[in-house]
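Accompanying notes for the structure given below.
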Number of protein chains: 2
Amino acid sequence: MTATVKKAGSARERLLAASDELFYSEGIHTVGIDRVLEKANVAKGSLYYNFAGGKDELVETYLANRHGVWKDTVERGISAQADPVRRILAVFDTLGELFSRPDFRGCAFMNAAAEARPDSVEMLAAERFRSWIHELFGELTSALDTREPDRLALQLVVLYDGATTTAQMDHTAAAAAVSREMAELLLSRASGPAAGG
Amino acid sequence: MTATVKKAGSARERLLAASDELFYSEGIHTVGIDRVLEKANVAKGSLYYNFAGGKDELVETYLANRHGVWKDTVERGISAQADPVRRILAVFDTLGELFSRPDFRGCAFMNAAAEARPDSVEMLAAERFRSWIHELFGELTSALDTREPDRLALQLVVLYDGATTTAQMDHTAAAAAVSREMAELLLSRASGPAAGG
DNA sequence: CAGGTTTTAGACAGACCTGTCTGATATGGT
DNA sequence: ACCATATCAGACAGGTCTGTCTAAAACCTG
């Protein structure tokens with residue numbers, strides 16, 4: 001039964017934990033394998049034993065984990081609400097919690113894309129992430145009784161991106177509240193008076 | 001020899017032109033000095049003759065130029081309008097033109113910050129850029145007859161950042177129009193009915 | 001044309017980075 | 001106890017990167 005889950009504390013898990021901290025906080029290109037190995041307390045051979053694809057595969061897994069964790073966090077926040085409008089606003093509340101964390105340094109995928117080559121694993125991961133974001137707001141707005149759900153979804157994506165970027169660049173969690181207010185304004189117009197703009 | 005197109009300016013100018021193209025399109029860390037030298041058709045010694053500070057100084061100058069050019073472009077767009085509301089919307093129109101350019105790859109300062117160490121020249125340049133952005137929207141909203149100009153300015157910064165990030169990540173210039181519409185909505189509420197939200 | 005400035009080509013050092021390889025050593029299931 | 005799996009330590013090769021240096025050539029400008 002080698003298919004058992006790797007025990008906590010395995011070289012693989014330590015490598016991924018160290019990668020997550022280092023790649024996210026300092027950037028993928030600026031952090032070398034040796035830094036990860038040292039932080040994880042893992043021998044070099046174990047890296048290539050667990051990740052035959054080398055650094056690329058490590059980066060790919062790091063980003064896939066980030067995607068999964070964030071997706072779960074957002075969806076948990078959404079699922080606590082029943083009202084379609086509140087479900088949308090819950091996304092911005094979750095962003096606010098993210099921005100308040102001391103280690104927040106922006107969106108891992110925006111950062112990865114900023115330093116990535118066109119067909120790299122980073123770019124592919126970023127594209128997957130963006131697909132999910134659009135899918136997310138697409139589904140949330142389609143549950144609304146509004147005239148142009150697609151247009152609204154794109155507006156919300158812009159607010160999501162704006163909140164994240166402003167929070168990162170200006171080191172202020174207030175960006176979440178600001179974008180949430182704008183989202184509320186959009187939603188009150190969309191689901192309020194049937195007269196569209 | 002290959003000296004046909006060679007004298008298109010001093011070594012310094014050619015270096016800056018090549019830096020601008022390469023650093024912006026591929027990222028600062030991923031582009032080495034040798035790539036810049038080859039593209040600029042400049043000898044290595046000339047780089048250190050013109051930029052004694054090496055790559056750091058080249059990067060610093062590249063970012064300072066980007067800042068200056070963009071500032072001028074935005075301010076030119078603003079100055080073509082007299083009405084305070086239109087002056088604000090002009091910023092988003094200018095963004096739309098930027099996004100439509102085939103070489104658009106996001107905000108040079110957001111990208112630089114994503115791959116930069118805390119006290120690097122990139123970070124300092126990014127901070128200067130952010131100061132200017134806030135100053136810009138601060139001045140534009142203070143010319144408005146509205147109750148909370150500072151709050152409005154922050155909202156506009158979020159819209160500016162959201163437009164830029166969405167345009168980059170999703171390769172769509174539509175982000176400018178979307179954010180412009182949201183800005184219009186905010187401005188119509190701010191300068192319209194005196195009742196604040 | 002004389003002399004300081006600018007540019008060129010390329011070798012070189014020193015640092016870092018990824019990935020490979022070897023061989024010893026735990027670890028865990030049966 | 002056995003044996004495959006997993007991990008360790010570290011040397012090593014090959015690549016890239018920044019920055020220095022030399023010595024010659026081109027460019028201005030007075």
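Chain A is the first sequence line, chain B the second, and so forth, proteins listed ahead of strands; every chain is numbered from 1. Note that the coordinates shown come from a computational prediction; the quantities given were computed from them, not determined experimentally.
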- Task: Would you name the heavy atoms of Val158(B) and Ala163(A) that are closest together and state the gap between them?
- Result: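 That closest heavy-atom pairing would be CG1-N, 3.7 Å.
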Between the side chains of [Y] and [X], is the shortest nitrogen-to-carboxylate-oxygen separation below 4.0 Å, so that they form an ion pair?
X: Glu122(A); Y: Arg117(A); answer: no
X: Glu184(A); Y: Arg180(A); answer: yes
X: Glu26(A); Y: Arg105(A); answer: no

Starting at atom [atom1] of [X], determine the distance to atom [atom2] of [N], rounded to an integer number of angstrom.
X: Leu37(A); N: dC17(C); atom1: CG; atom2: C1'; value: 12 Å
X: Ile33(A); N: dT16(D); atom1: CD1; atom2: P; value: 18 Å
X: Leu47(B); N: dC17(D); atom1: CG; atom2: P; value: 14 Å
X: Arg14(A); N: dA6(D); atom1: CZ; atom2: C1'; value: 11 Å
X: Glu38(B); N: dC17(D); atom1: CD; atom2: P; value: 11 Å
X: Lys55(A); N: dG15(D); atom1: NZ; atom2: P; value: 19 Å
X: Ile28(B); N: dC17(D); atom1: CD1; atom2: C1'; value: 16 Å
X: Phe51(B); N: dT20(D); atom1: CZ; atom2: C1'; value: 18 Å

Taking only the side-chain nitrogens and oxygens of [X], find out if one of them lies under 4.0 Å from OP1 or OP2 of [N].
X: Arg12(A); N: dT5(D); answer: no
X: Tyr49(B); N: dT7(C); answer: no
X: Asn50(B); N: dT7(C); answer: yes
X: Ser46(A); N: dC8(D); answer: yes

- Message: Need to verify one output field. Residue with the more 5' nearest nucleotide on DNA chain C, Val31(A) or Gly45(A)?
- Response: Val31(A)
- When you match Ala52(A) and Thr30(A) each to their closest nucleotide on DNA chain C, which lands nearer the 5' end? Thr30(A)
Sugar-phosphate only, base, or nothing, as touched by [X] at under 4.0 Å among non-hydrogen atoms:
X: Arg35(B); result: nothing
X: Asp34(B); result: base
X: Asp56(A); result: nothing

- Message: I want to verify a distance call: between dT7(C), dC8(D), dT20(C), whose nearest atom is closest to the Tyr48(A) side chain?
- Response: dT20(C)
- If you check every side-chain atom of Lys44(A), which of dT8(C), dT20(C), dA9(D) has the closest atom? dT20(C)
- Task: Examine Arg130(B) relative to Phe109(B) and say whether NZ or CZ is less than 6.0 Å from the centre of the six-membered ring and inside a 45° cone about the ring axis.
- Result: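 No cation-pi geometry.
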